[in-house]
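Structure record follows, encoded as structure tokens.
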Amino acid sequence: MPTATLTISSTRITTVALLGNPNTGKTSLFNRLTGLHQKVGNYPGITVEKKQGFFHHEDRRYELIDLPGTYSLSATSIDERIVIDMLSGNLNGIPRPDLVVCVLDATNLQRNLFLTSQVADLGLPMVFAVNLWDAAQKQGITIDFKRLKKRFGIPVIPTIATRGTGLSELKRAIEESLSHQHKSVRVRWPEPILGAQKMLSSRLKTDANQDLTDSELRRLLFDTDSSVTNLVNLPREKTEKAIEDARQIIWKSGMNPLAAEALIQYRHLGDQLEGIISNKGDIRPQSSESIDRLLLHRGWGLVFFLGMMYVVFQSVYTWAVPLMDLIQMIKGKLQETVSKSLASTPMLESLVSDGIIEGVGAFLIFLPQILVLFFFIALLESTGYMARAAFLMDKLFHWCGLNGKSFVPMLSSYACAVPGIMAARTIEEPKSRLATILVAPLMSCSARLPIYVLLIGAFVEPRYGPWWAGFTLFAMHFVGLAIAIPLVWLFTKYLIKTKPHPFVLEMPPYRVPNVRDLFWKMWESAREFVIRAGTVIFAITILVWALLYFPRPAGVATETRTVFVAEKSQELQQTPEAIKSILDDPESELSRELEKQTARNYINQSLMGRTGRFIQPIFAPAGFDWKLTVGILASFPAREEIIPTLGVIYSLGNEIDEESSDLRSSMAGEEWKEGPLAGRKVFTLPVVMAIMVFFALCSQCGSTLAIISKETNWSWALFCFTYMTALAWLCAVTIFQVGMLISG
Amino acid sequence: MDLVGNLSQLPLGQLAVISEICGDLSVNQRLMTMGMIPGTEIRKVQVAPLGDPIAVEFKGQKISLRKTEAAGVFVDLKD
């Protein structure tokens, strides 16, 4: 509509980008400026998170974009590429920002200004927010803000983002810088650089090419594998030759073109900062050093680390349980109420109760663990300990292609892979991050416990005693890890082609965390999980419900009833009429039994049941019968579903748990009715081991796949599903076949 | 001042001055971005319990890096 377009264009929103190094408190500042007016998405075509927020100042609406924290514009990592593309206006569908707010760490001004002076080269209006000003003051650093402002030619505002100090001044400065188009002083490039730039420009100029800006040309000269190359409309070799020739001019002047930028920029910054900072920030806070001497100590450091990780693990594994129980209880109560009020329409009742409420519960149940884990992650990151943990653990992980930061995601995955995979966001290095995500679901999560307990309790303990039972349970927790290690090595060596990054990690001074920021992080992670993965998990639950519910011919119920009445009248030596009259009472023992048998028969002929019978031959080499196959099929969306599903299949109802003796004895008594094994027991030791290993390795969690596809993309989720399931099948078959050979 | 070789060989606690950076290109660039340029005073302050990586201090900041990366940073001892 023309009127709508008119309103939008007349109140054009001013876009402000928030730029800065990691550990500068940039996110705190973003949260403080925008409050709850935030939205999170992805940059087009890539899975880097794009955080946007809004704020108002003097009747003007500003859109604030939180750029990924980077140290430079050299565009070797995807984060750096986004920053440079965004600030040059080369991101599809995203306009170039009108102004850049550079967030600087007041305790380390010179290094922080390096990125800023690279950005100044792009010619956008700027404002400096010198953050962590309180920490700098505590260290005895003084900064002459007036001179800083004069030297750089743009507004400079000291801020303490965690306390909200300096925010209104910052907003005013943004407005001022916009209206006066204040641009930062730029470095004066020496003659050889300008010469090389000129030559490169003329070599790359073709009719089809738009002119590259000076700063883009310099990026081509200074960086290896610059993303700017994609903007050049020439054959790759031709571009590279032109760059090489232009670099010769720099070489001839005695400078190394790949080192020139840092040297020139740092010399420029040294001059610019002359006389502005007292003690130049050379002294690191002594308290931080003493803490490090303890926390990075060979002995005490490791003890503290293990203790800390124990607390993190316990909190996710145990402390989140009461909240999860509460969610389960509310879900149960709701389902009960629905069952009563919708009893007259069985299909609607089942849809609402087993589909919708179950589906909402299915993703809400993850929230307690996510909240607790992200509380700790926020705590570890904001205190500065996360970098130390990575430092302590790096050697252990580096050899197989991960890095020290993989520890927390892997450990959390022992409780649940969903928060674990989300925690992999803390790994900056894309290669290690992806590898961590791909093997995290192999860690033995708490949803695998019920099937271990059921099978060990039913088949290992009675025959081999509690010691072997305990050992088996313990060993099952290492199956996935043992397989994950060689897999990660293979993945990082042959599959994930991205170039590894150097492990150059800043270890910021220890800081007292800001409670508000901790809760922000928890809230953000929960919100994102619900928005990104919640809908997928919900949809999967509804789909599974449908597969187990349909088709639903009324004939199944009447037929079950006829067979039941005939069987029972023979068994109990009573007339069919007498049995029928007992069945008229829905609370009677027999009615309950009939109900369970009906449920079993419905599931057997449901789409899922039919598929289970159909694909049973695939699982036959692992010794699984069709009942197990249906159970496994039904537990692909969520592995813990195996217990209630087996309950229904063995006509025990779905209310049983892994400790149920009825289920254990039904399984123990189960025999092959046909085929080569007819007459033999289904659950022999080889089968039991094969099932457990299958569950240890198989990708039976729709929520995990949903979160993998949101954190990476759907093809990695598909890959993860395929490799895990194939691996699980292969191992199960091997164990069963070898076991059969040994036991004869 | 005498030549000791690279940063990974530097004794713990010893102050040194960076003389040259010549290793893998992307590592170099990253290190220089962080302010590790020739002439900068640098000190090795920690070695991880498992022997790698190491932590160094320069320009008022502390950075951890792997020994293979530190091997490309050549330093002169300073007393």
Side-chain angles (χ1 to χ4, degrees), chain A residues 71-74 76 105 107-111 114-115 118 139 141 222-225 256 258-259 261-263 265-267 269 279-284 288-289 292-293 296-299 301-302 305 387-388 390-396 398 403-404 499-509, chain B residues 6-8 10-75 78:
Chain A
Y71 292 106
S72 90
L73 285 190
S74 59
T76 46
D105 174 355
T107 65
N108 196 352
L109 212 48
Q110 195 188 35
R111 196 211 61 211
F114 179 81
L115 173 70
Q118 283 184 319
Q139 274 173 248
I141 296 170
F222 296 144
D223 299 340
T224 48
D225 305 320
N256 175 350
L258 296 170
E261 185 189 23
L263 291 174
Q265 290 282 20
Y266 271 106
R267 195 183 310 140
L269 289 175
N279 92 10
K280 291 182 185 152
D282 269 354
I283 301 149
R284 275 176 56 83
S288 222
E289 250 337 280
D292 262 349
R293 238 168 269 142
L296 301 181
H297 184 267
R298 234 160 238 269
L302 287 179
F305 173 79
R388 270 77 178 180
F391 177 74
L392 292 173
M393 285 297 114
D394 187 62
K395 180 93 186 265
L396 209 59
H398 175 45
N403 78 33
K499 251 179 81 182
H501 287 192
F503 182 73
V504 180
L505 193 66
E506 190 182 359
M507 295 165 91
Chain B
N6 67 52
L7 193 57
S8 82
L10 189 70
L12 208 61
Q14 172 73 51
L15 189 64
V17 177
I18 297 171
S19 56
E20 207 186 344
I21 301 187
C22 43
D24 177 83
L25 288 179
S26 61
V27 177
N28 281 0
Q29 212 162 30
R30 183 69 191 268
L31 293 176
M32 293 184 78
T33 300
M34 304 292 277
M36 258 196 212
I37 46 176
T40 311
E41 284 187 0
I42 193 162
R43 192 194 298 273
K44 185 163 157 184
V45 283
Q46 255 112 22
V47 179
L50 303 171
D52 198 18
I54 61 167
V56 296
E57 206 179 280
F58 60 97
K59 290 194 168 147
Q61 56 179 341
K62 188 166 178 172
I63 304 287
S64 97
L65 68 166
R66 292 187 182 131
K67 277 185 168 171
T68 47
E69 293 153 358
V73 181
F74 287 86
V75 292
K78 196 176 177 192

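Throughout, protein chains are lettered first and strands after them, A, B, ... in sequence-line order, and every chain is numbered starting at 1.
- Results of the side-chain contact (heavy atoms from CB on, under 4.5 Å) test with S8(B) over K67(B), E69(B), R66(B) single out K67(B) as the only residue that passes.
- Contact annotation for L392(A): both backbone and side-chain heavy atoms come within less than 4.5 Å of a heavy atom of chain B.
- Of the residues considered (G39(B), S26(B), P53(B)), P53(B) shows the highest number of contacts with chain A, using heavy-atom pairs under 4.5 Å.
- Highest contact tally toward chain A, considering only L31(B), L65(B), I63(B), is held by I63(B) [criterion: heavy-atom pairs under 4.5 Å].
- Ranked by heavy-atom pairs under 4.5 Å with chain A, the list M32(B), M34(B), R30(B), E41(B) is led by M34(B).
- For a residue to count as touching a neighbouring chain, one of its non-hydrogen atoms must lie under 4.5 Å from one of that chain's; by this rule I54(B) touches chain A with the backbone only.
- In this structure, the side chains of P508(A) and R388(A) come closer than 4.5 Å at one or more pairs of heavy atoms.
- Side-chain contact, Q29(B) with E261(A): no donor N or O sits under 3.5 Å from an acceptor N or O.
- Looking only at side-chain heavy atoms (C-beta outward), E57(B) and E289(A) come within less than 4.5 Å of each other.
- Geometrically, K59(B) engages Y266(A) in a cation-pi contact, judged by NZ or CZ lying under 6.0 Å from the ring centre and within 45° of the ring axis.
- Side-chain contact between V75(B) and L10(B) is present, with at least one heavy-atom pair separated by less than 4.5 Å.
- Between chain A and the residues D52(B), V47(B), T33(B), D24(B), the most heavy-atom pairs under 4.5 angstrom are made by T33(B).
- Between H398(A) and F503(A), the closest side-chain pair of non-hydrogen atoms is not below 4.5 Å.
- The part of Q110(A) that comes within reach of chain B is its side chain, from C-beta onward, which places non-hydrogen atoms under 4.5 angstrom from that chain.
- Neither the backbone nor the side chain of A70(B) has a heavy atom closer than 4.5 Å to any heavy atom of chain A.
- The shortest side-chain heavy-atom distance between I37(B) and I18(B) does not fall under the 4.5 Å cut-off.
- Both the backbone and the side chain of L50(B) come within less than 4.5 Å of a heavy atom of chain A.
- With a 4.5 Å cut-off on non-hydrogen atoms, L269(A) does not touch chain B at all.
- Residue Y71(A) touches chain B through both its backbone and its side chain, counting heavy-atom pairs closer than 4.5 Å.
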